[in-house]
Visitor: 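Once you've had a glance at the structure underneath, I'll fire off some questions.
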Amino acid sequence: MIPRLGNSTLVAEGSDDDRLAFAQEVRRYFPFFPFVGGTVRKPFDWEGHRFEEGEWALLDLYGTNHDPRLWENPESFDPERFRGWTPDAQSLVPQGGGDVHQGHRCPGESTTLELLKAAAHLLAEPSGFSLPAQDLTVDLAHIPAVPRSRVILTAR
């Protein structure tokens with residue numbers, strides 16, 4: 001199912017906060033990678049499993065960003081969920097989790113947000129292009145997870 005991506009007028013004419021909420025929801029709903037890997041820095045136990053230093057572990061970005069224990073209606077595309085939201089390094093993990101200053105999160109995350117806000121604003125403005133019917137389903141078994149048709153714009 002392809003989510004409805006919201007009100008384009010809101011993105012084109014809305015505030016920076018509107019575009020930020022939209023960008024955060026794009027990242028939550030469509031993380032660029034389904035998971036990331038890393039090595040355990042210090043031993044810990046989690047849900048009955050012991051993780052030892054040096055072992056490989058995977059962080060399920062897609063699963064965490066769609067976990068109903070963390071997100072109300074996680075399969076709905078809803079930028080409104082980010083209005084008044086306090087950033088949480090453990091629930092919204094589109095580019096890794098944890099603290100960016102400790103090397104656990106992508107240092108380019110703030111740049112990604114700014115680029116998404118600018119791109120959403122640009123694409124929502126009236127232009128000489130249209131989005132024809134196409135297959136925008138995403139196969140999460142492939143990295144990067146991109147729409148099957150990619151994204152095709154045509155001149156009006």
Side-chain angles (χ1 to χ4, degrees), residues 1-38 41 46 57-156:
M1 182 177 133
I2 300 169
R4 186 170 177 277
L5 295 183
N7 182 332
S8 62
T9 302
L10 179 69
V11 175
E13 298 174 6
S15 69
D16 190 61
D17 287 342
D18 295 330
R19 287 186 283 281
L20 177 60
F22 182 83
Q24 291 286 38
E25 183 66 347
V26 166
R27 291 173 357 113
R28 184 199 69 81
Y29 199 91
F30 301 106
F32 187 67
F33 297 106
F35 59 87
V36 292
R41 288 184 165 178
W46 184 73
L58 297 177
L59 173 59
D60 181 1
L61 302 177
Y62 183 88
T64 302
N65 291 328
H66 288 80
D67 188 332
R69 294 171 297 178
L70 301 172
W71 302 100
E72 187 175 331
N73 301 315
E75 296 308 319
S76 294
F77 186 91
D78 182 13
E80 296 298 319
R81 75 177 79 239
F82 287 100
R83 294 213 185 272
W85 179 73
T86 302
D88 177 351
Q90 305 305 324
S91 61
L92 178 64
V93 294
Q95 293 173 255
D99 185 341
V100 69
H101 301 295
Q102 294 181 7
H104 295 287
R105 198 171 186 102
C106 178
E109 192 164 358
S110 60
T111 301
T112 299
L113 278 168
E114 291 305 314
L115 288 170
L116 278 171
K117 288 179 350 185
H121 180 69
L122 179 68
L123 291 170
E125 288 181 333
S127 70
F129 297 97
S130 64
L131 183 71
Q134 55 196 285
D135 184 355
L136 296 176
T137 58
V138 175
D139 182 354
L140 296 176
H142 290 92
I143 297 175
V146 297
R148 192 166 312 277
S149 296
R150 304 291 188 187
V151 175
I152 302 166
L153 298 174
T154 57
R156 291 185 200 184

Visitor: Would you give the length of the straight line joining atom NE2 of His121 to atom CZ of Arg19, rounded to the nearest 0.5 angstrom?
Guide: 5.0 Å

Visitor: Is there a donor-acceptor pair closer than 3.5 Å between any side-chain N or O of Asp135 and the backbone N or O of Pro147?
Guide: no

Visitor: Looking at CZ of Arg27 and CG of Leu116, how far apart are the two atoms once the value is rounded to the nearest 0.5 Å?
Guide: 7.5 Å

Visitor: Quick check: closest heavy atoms across Val146 and Arg150, and the distance to 0.1 Å?
Guide: CG2-NH1, 2.7 Å

Visitor: Determine whether a donor-acceptor pair (N or O, by modelled atom type, separation under 3.5 Å) exists between the side chain of Gln134 and the backbone of Ile152.
Guide: yes

Visitor: Salt bridge check: are Glu25 and Arg81 linked by an N-O gap of less than 4.0 Å?
Guide: yes

Visitor: Taking side chain to side chain donor-acceptor pair (under 3.5 Å) as the definition, give me every residue that meets it alongside Thr111, ordered by chain and number, with sequence neighbours left out.
Guide: none

Visitor: With Asp60, which residues qualify under side chain to side chain donor-acceptor pair (under 3.5 Å), at least two apart?
Guide: none

Visitor: Roughly how far apart are Asp18 CG and Arg83 CZ, rounded to 0.5 Å?
Guide: 4.5 Å

Visitor: Are Tyr62 and Trp71 near enough that their ring centres are under 6.0 Å apart?
Guide: no

Visitor: Test side chain to side chain contact (heavy atoms under 4.5 Å, CB included) on Leu131 and Leu153; report intermediate values, then the result.
Guide: CA-CA 5 Å; Leu131 183 71; Leu153 298 174; 4.1 Å; yes

Visitor: Could you tell me whether the side chain of Asp67 and the main chain of Thr64 form a donor-acceptor pair under 3.5 Å?
Guide: no

Visitor: Determine the interplanar angle of the Phe30 and Phe77 rings, folded into 0 to 90°, and report it as parallel if under 30°, tilted if 30 to 60°, perpendicular if over 60°.
Guide: tilted

Visitor: Are His66 and Tyr29 close enough, and set up right, to give a side chain to side chain contact (heavy atoms under 4.5 Å, CB included), and what steps lead you there?
Guide: CA-CA 7 Å; His66 288 80; Tyr29 199 91; 3.9 Å; yes

Visitor: Among Pro74, Pro94, Ser91, whose side-chain contact (heavy atoms from CB on, under 4.5 Å) with Arg28 holds?
Guide: Pro74

Visitor: After noting the C-alpha distance and the side-chain angles of Asn65 and Leu92, does the key distance pass the side chain to side chain contact (heavy atoms under 4.5 Å, CB included) rule?
Guide: CA-CA 6 Å; Asn65 291 328; Leu92 178 64; 3.9 Å; yes

